[in-house]
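One structure is given below, encoded as structure tokens.
Chain identifiers are assigned alphabetically (A, B, ...) following the order of the sequence lines, protein sequences preceding nucleic acid strands; residue numbering begins at 1 within each chain.
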There are 2 protein chains.
Amino acid sequence: MYGMDTRERLIQSTRELLWERGYVGTSPKAIQERAGAGQGSMYHHFRGKPDLARAAIDRSATELRDRAQAAFTGPGTALEQVAAYLRRERDALKGCPVGRLTQDPDVMKDPELREPIERTFSWLTGRLTESLTRARDDGDLGAGLDPAATATALVAVVQGGYVLARATGSAAAYAQAVEGALALLAVRPGED
Amino acid sequence: MYGMDTRERLIQSTRELLWERGYVGTSPKAIQERAGAGQGSMYHHFRGKPDLARAAIDRSATELRDRAQAAFTGPGTALEQVAAYLRRERDALKGCPVGRLTQDPDVMKDPELREPIERTFSWLTGRLTESLTRARDDGDLGAGLDPAATATALVAVVQGGYVLARATGSAAAYAQAVEGALALLAVRPGED
DNA sequence: GTCTATACTTTGATAGAC
DNA sequence: GTCTATCAAAGTATAGAC
């Protein structure tokens with residue numbers, strides 16, 4: 001946080017706190033303390049908690065999208081790219097910074113806060129559907145499978161994998177969910 | 001809530017609020033109002049918010065387990081029972097009353113509150129592994145599949161299906177995730 | 001842009017009367 | 001068992017000086 005200006009530190013602090021504690025669990029005071037900024041600073045740069053949250057969520061959504069896109073454009077066949085996305089290094093115990101907000105009623109009832117979340121999952125499912133369609137055309141995926149339904153199932157495995165990792169207290173649960181899903185796609189087991 | 005005594009109404013109100021708003025988002029005052037009970041009543045029957053939450057979470061965990069068990073002991077082959085569990089009527093937009101607590105740091109750092117959650121997912125994954133093992137013995141499931149990993153993937157699909165339903169604002173996302181997963185298990189599409 | 005002061009509400013609980 | 005104070009702390013701002 002040292003090379004950042006105050007506005008940027010406020011956004012980053014808010015992202016971290018939303019990830020760790022959700023929207024209800026995050027107070028302006030906690031944000032200010034983590035950012036090393038005072039009350040005045042925060043209310044100068046943002047109109048209030050919702051405004052700051054919107055900036056933070058937007059940033060997290062963009063970052064998630066960029067990281068996913070990197071996996072999908074990596075080396076290998078379309079199916080291998082899907083596997084790479086699922087197996088990508090993740091801090092499974094922390095959960096998904098975007099998906100977790102889905103549980104927060106105050107976030108979901110505010111159209112401004114909800115929009116980037118909706119858009120993220122819509123994009124991700126679409127992108128995965130694209131790759132799975134190519135995989136099917138390559139003959140790497142069962143011809144009888146619906147790419148869109150399969151994509152939705154895989155996004156769910158990722159999100160649910162986070163839930164299981166937190167429930168069991170172990171990132172291994174995430175990995176097992178992913179490997180279980182990949183085995184169903186007939187992808188050979190990975191290294192770990 | 002009309003045939004219940006005060007203690008029971010407090011537990012039910014807490015269950016609902018934990019489901020809708022999580023632990024941080026649920027205040028003793030809101031619980032009392034929904035239960036139609038005063039401060040004094042609540043603190044007479046429970047030592048405080050964590051004590052009441054423990055009773056509520058225990059109840060939700062037990063109920064989840066009983067409902068799952070009903071699907072697993074219904075008619076049909078082991079694989080059909082698994083499909084019945086996944087397709088069971090659910091209020092997908094409300095999410096999982098147990099899984100959602102996994103996101104709440106104040107719940108997860110308290111061993112008393114965490115225990116029923118951990119136990120629920122451990123039991124569910126184990127129960128599903130059992131059914132999938134039988135399905136494999138029946139020849140209904142690929143011999144090369146690991147029942148435990150497959151079970152973990154399916155529990156993740158359910159939990160992630162809830163996330164997607166909330167993110168998109170439509171229960172259809174849950175159904176699509178489940179049908180996508182069942183297709184990978186080579187289960188024929190359902191009625192809806 | 002940042003700081004301090006002030007204000008009003010909600011949270012989570014305790015005390016004691018009935 | 002339930003009710004009504006009462007309370008200290010935290011939440012979420014606004015106002016105005018610097």
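- Residues A/Arg59 and A/Glu8 form a side-chain contact, since some pair of their non-hydrogen atoms from C-beta on lies under 4.5 Å apart.
- Atom CZ of B/Arg67 has 12 or fewer neighbouring heavy atoms from other residues, nucleotides or ligands inside a 6.0 Å radius.
- Residue pairs meeting the ring-ring contact (aromatic ring centres under 6.0 Å, His included) criterion with at least one member in residues 147-166 of chain B, sequence neighbours excluded, are B/Tyr162-B/Tyr174.
- Within the structure, the ring-ring contact (aromatic ring centres under 6.0 Å, His included) test picks out the following pairs touching residues 41-95 of chain A (sequence neighbours left out): A/Phe72-A/Tyr85.
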Quick one, give me the B/S/- string for nucleotides 2-18 of chain C, reading 5' to 3', where B means a protein heavy atom under 4.0 Å from the base and S means that only happens at the primed atoms, P, OP1 or OP2.
BBB------SSBB----

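- Here the closest heavy-atom approach between residue A/Arg114 and residue B/Arg166 is recorded as NH2-O, 3.4 Å.
- Spacing between atom CG of A/Leu17 and atom C1' of D/dG11 amounts to 14 Å, rounded to whole angstrom units.
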